[in-house]
Structure formats: structure tokens, C-alpha cells
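See structure below.
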Amino acid sequence: MKVLVTGVNGQLGHDVMNELKKREHEAVGVDVEEMDITEEAKVGEVLRKVKPEAVVHCAAYTAVDRAEEEEELCRKINAEGTENIARVCGELDCKLLYLSTDYIFTGDGERPWEPEDGASPLNVYGQTKYEGELAVKKYLEKYFIVRISWVFGVNGSNFIKTMLRLGKENGAVKVVDDQIGSPTYTEDLAVLLVDMIESEKYGDYHASNEGICSWYEFAVEIFREAGMDVSVTPVDSSSFPAKAKRPKNSRMSKEKLVKNGFNKLPSWQDALHRYLKAINVN
């Protein structure tokens, strides 16, 4: 299958390309230099030339706090850029897999969010990613929308790398303990995403590694796995005033994956162990 992947310089795009090549698909990777998704004409030109059978759309504006000040740019990339891709995929009758986020939900309560739950984003980033979802549904029937959370991968910056750096520099960190969710290792996620585009089981899905934790519990496990003696103090979100409001409940139900014959991802602890090995920490 010929597959075009956007955002190949990011954590997820990098791993999706590797997984496609491993399975001997014809993978074409683009980033902003090859295809600026905000330029409608360029998107049309590249997609019509490549003629992919599927597009995995990983490119996004992800600076959550900065998005509050750069709303126009964030929307241009996440909503309008996605619409540019969806429109041409519809025209080419090509499958589209769009990566979305737990941030489209309010974060209220304690029950896991279902894929069909209504959206009510708390911040600009979440709102623009949701607008991207609506664009996908406007132009396509052959789509997968996959909402993910707390992403980490080898190729890029993430919470784990930040914790390792701060732990090394300071020997102590403070981490919020009132936001609950599930980490997602891009290497594990890439396997599922390629499974999806090889199928025709379209629709909305949630995907993350199994198990839930707070950011505090995640940090404690990072230092334990890395064999680092770092003091971790739990604090609530008000101790870290941020421009963008974060959801407190990012639990997401993944039962729909199983129902449709896909494998759930391994536990987040197992993923963390393998990740630290991959970046030569443990």
C-alpha cells in the first residue's frame, strides 16, 4: 500500500514511517518543507502527485500554552490544514487517519471518555484539533480519528526527557497529581495505526498504553526505572499556573479497539521500560 505520512520529523510521524517500512508498504514522508499543510494548493499538488491509498496525518501545532496567544496560527495548522488534506483525500478516495487528542473533552468526572462522547474543549489547542475532526468527517467516509494522550517517543521532546533533565540538574521535582490519564509510546501506537489503515474498520477511536496514572505517579516511575535518586513532590495544578487549562480526567475507554479486532497497547510501565532502553537510560 502507498501511504503518505505528514509530520515525519515529529515523534509519531518518525515511528509510523519505520513501522510502514518494516511491513514493506511504500511510505512517503513529508514535513513542512515538502508540504506546508496550510497551503491549499501545495497540499493538492503533493497528494495528487503521490496518489496515496492512505494518509496518516501526524502534523499538528502542539504548543498548548502558546496556542492561547497564537490562536490564529494554531487554527490555521490544526483545523484549516487538516481540512486541506481531507478535501483532497475525499477527491482521491483515499483513507485518512487523523490524530486527535484527549483535550477535546472537558476533563470532568472520573469515568473514561468514550469515542462517541460529545466534545467540549477547555483550550485553543483542543478546540482546533476538534475542528480538524469535524473537517475530516465533512469530506470523508473512509476515515479513522484516533485520540491520543501524554505522548512520548524517541524522536523529539516530551515529559520523560524533561523529567530526566530536571532530575539530573536539581535532584528534586514538583509534579501535578490531580491530572489523571494514560501515557502513549509512539512506537506502540505506530503499530496500531498501521493495523488500522490496513483495515476498513473506520470511525472514532481512543488509543494509549494500558493503565492510568497521574503525572506525579508517572514521574516517580520514570526515576525508579532510570535508577535515579530524585525527590518527587506531588502538588495540585494551581501550583503551576498555565495559560491553557488542562483536563483533570483524561481517562479514555479503549474497548472499541477490542470490539473491532485491534490489539490494545501494552501497559504504560512496560512501554516506559522499553523507551528508556531505547534512549540508553536504563
Side-chain angles (χ1 to χ4, degrees), residues 1-62 67 72-101 104 125 127-148 151 153 155-156 186 189-205 207:
M1 187 191 305
K2 187 188 266 194
V3 185
L4 183 132
V5 182
T6 69
V8 286
N9 294 338
Q11 298 183 101
L12 182 57
H14 177 264
D15 285 348
V16 170
M17 286 293 286
N18 287 344
E19 185 62 27
L20 287 165
K21 287 171 185 170
K22 205 184 286 179
R23 300 198 204 180
E24 300 183 344
H25 289 298
E26 188 182 342
V28 179
V30 295
D31 216 290
V32 67
E33 300 80 13
E34 297 83 17
M35 187 180 87
D36 184 337
I37 65 170
T38 67
E39 294 180 14
E40 187 181 350
K42 189 67 181 172
V43 170
E45 180 195 319
V46 172
L47 288 178
R48 288 184 192 104
K49 186 180 174 188
V50 173
K51 293 191 178 69
E53 293 156 79
V55 171
V56 180
H57 179 29
C58 302
Y61 181 111
T62 57
E72 195 180 326
L73 176 62
C74 185
R75 177 163 286 109
K76 202 171 167 61
I77 295 168
N78 290 348
E80 293 167 27
T82 301
E83 182 158 11
N84 290 338
I85 291 169
R87 192 185 293 113
V88 185
C89 284
E91 179 194 308
L92 297 174
D93 193 30
C94 157
K95 299 176 185 181
L96 175 60
L97 191 154
Y98 171 63
L99 276 305
S100 191
T101 173
I104 72 153
Y125 168 70
Q127 177 62 34
T128 60
K129 289 298 287 181
Y130 177 57
E131 288 168 16
E133 290 191 13
L134 296 177
V136 169
K137 291 178 177 179
K138 178 180 171 185
Y139 290 100
L140 292 158
E141 287 180 11
K142 291 160 67 170
Y143 70 81
F144 305 88
I145 289 171
V146 184
R147 301 189 190 112
I148 58 178
V151 178
N155 193 47
T186 53
L189 179 61
V191 174
L192 172 64
L193 300 184
V194 178
D195 286 347
M196 284 183 165
I197 60 164
E198 288 177 342
S199 81
E200 292 179 359
K201 294 169 182 174
Y202 305 115
D204 298 353
Y205 291 91

Sequence-distant partners of Y202, ring pair (Phe, Tyr, Trp, His ring centres under 6.0 Å), two or more places apart
F144
Could you check T82, L97, V5, L4 and say which one makes a side-chain contact (heavy atoms from CB on, under 4.5 Å) with H57?
T82
Do the side-chain N and O atoms of H25 and E19 include a donor-acceptor pair separated by under 3.5 angstrom?
no
Between A135 and A79 the two heavy atoms that sit nearest each other are CB-O, 4.5 Å
Closest approach of A59 and G7, non-hydrogen atoms and distance?
CB-N, 3.7 Å
Does the pair E91/R48 count as a salt bridge with the N-to-O cut at 4.0 Å?
yes
Quick one: pull up CG in D15 and CG in L189 and give me the separation to the nearest 0.5 Å.
9.0 Å
Go through the structure and list residues passing salt bridge (charged side-chain N to carboxylate O under 4.0 Å, His left out) with K76, not counting sequence neighbours.
none
Rounded distance (nearest 0.5 Å) linking atom CD of E39 with atom CD of E45
9.5 Å
Nearest heavy-atom neighbours spanning V16 and C58
CG2-SG, 4.4 Å
Donor-acceptor pair, distance only, cut-off 3.5 Å: does the side chain of K129 make one with the backbone of L99?
yes
Measure from the side-chain N and O atoms of E198 to the backbone N and O of D195, and report whether any donor-acceptor pair falls under 3.5 Å.
no
Do any N or O atoms from the side chain of D204 and from the backbone of V146 form a donor-acceptor pair under 3.5 angstrom?
no
Between the side chains of Q11 and T186, does any donor sit under 3.5 Å from an acceptor?
no
Is there a side-chain contact (heavy atoms from CB on, under 4.5 Å) between Y98 and R147? Walk through the geometry before answering.
CA-CA 9 Å; Y98 171 63; R147 301 189 190 112; over 6 Å; no
Backbone N or O of N9 within a donor-acceptor pair of the D31 side chain at under 3.5 Å?
yes
Please round to the nearest 0.5 Å and tell me the distance separating atom OH of Y143 and atom CE of M196.
12.5 Å
Around atom CD of E33, are there more than 12 heavy atoms of other residues, nucleotides or ligands at under 6.0 Å?
yes
When you measure from the side chain of N155 to the backbone N and O of H14, does any donor-acceptor pair fall under 3.5 Å?
no
Is there a donor-acceptor pair under 3.5 Å between the side chain of T38 and the backbone N or O of G81?
no
For residues V88 and G44, report the shortest heavy-atom separation together with the two atoms involved.
CG2-CA, 3.9 Å
For N84 and V43, indicate whether the former's side chain and the latter's backbone hold a donor-acceptor pair under 3.5 Å.
no
If we only count heavy atoms from C-beta on, is the L47 to P52 side-chain gap below 4.5 Å?
yes
Measuring from atom CG of N78 to atom OG1 of T101, what distance do you get when rounded to the nearest 0.5 angstrom?
10.0 Å
Looking at C89, is its backbone amide N or carbonyl O close enough to the side chain of K95 to form a donor-acceptor pair, meaning the two atoms are under 3.5 Å apart?
no
Pairwise distance NZ(K2) to CD(E53) - rounded to 0.5 angstrom:
8.5 Å
For G29 and V8, which heavy atoms make the closest approach, and how far apart are they?
CA-CG1, 3.4 Å
Between R75 and E131, is there a salt bridge with N-O shorter than 4.0 Å?
yes
Holding to salt bridge (charged side-chain N to carboxylate O under 4.0 Å, His left out), I want the full list of residues that pass it with E40, two or more places apart in sequence or in another chain.
R87
Any non-hydrogen side-chain atom of T6 less than 4.5 Å from a side-chain atom of M35?
yes
Worked verdict on Y61 versus T128 for side-chain contact (heavy atoms from CB on, under 4.5 Å)
CA-CA 9 Å; Y61 181 111; T128 60; over 6 Å; no
Tell me, with the steps shown, if E133 and I104 meet side-chain contact (heavy atoms from CB on, under 4.5 Å).
CA-CA 10 Å; E133 290 191 13; I104 72 153; 3.7 Å; yes
Contact between K137 and I145 at the side-chain level, heavy atoms closer than 4.5 Å - yes or no?
yes
What's the spacing between I197 CD1 and L193 CG if we round to 0.5 Å?
8.0 Å
Any salt bridge linking K51 with D93? Criterion: basic side-chain nitrogen under 4.0 Å from a carboxylate oxygen.
no
Tell me, with the steps shown, if V3 and V55 meet side-chain contact (heavy atoms from CB on, under 4.5 Å).
CA-CA 6 Å; V3 185; V55 171; over 6 Å; no
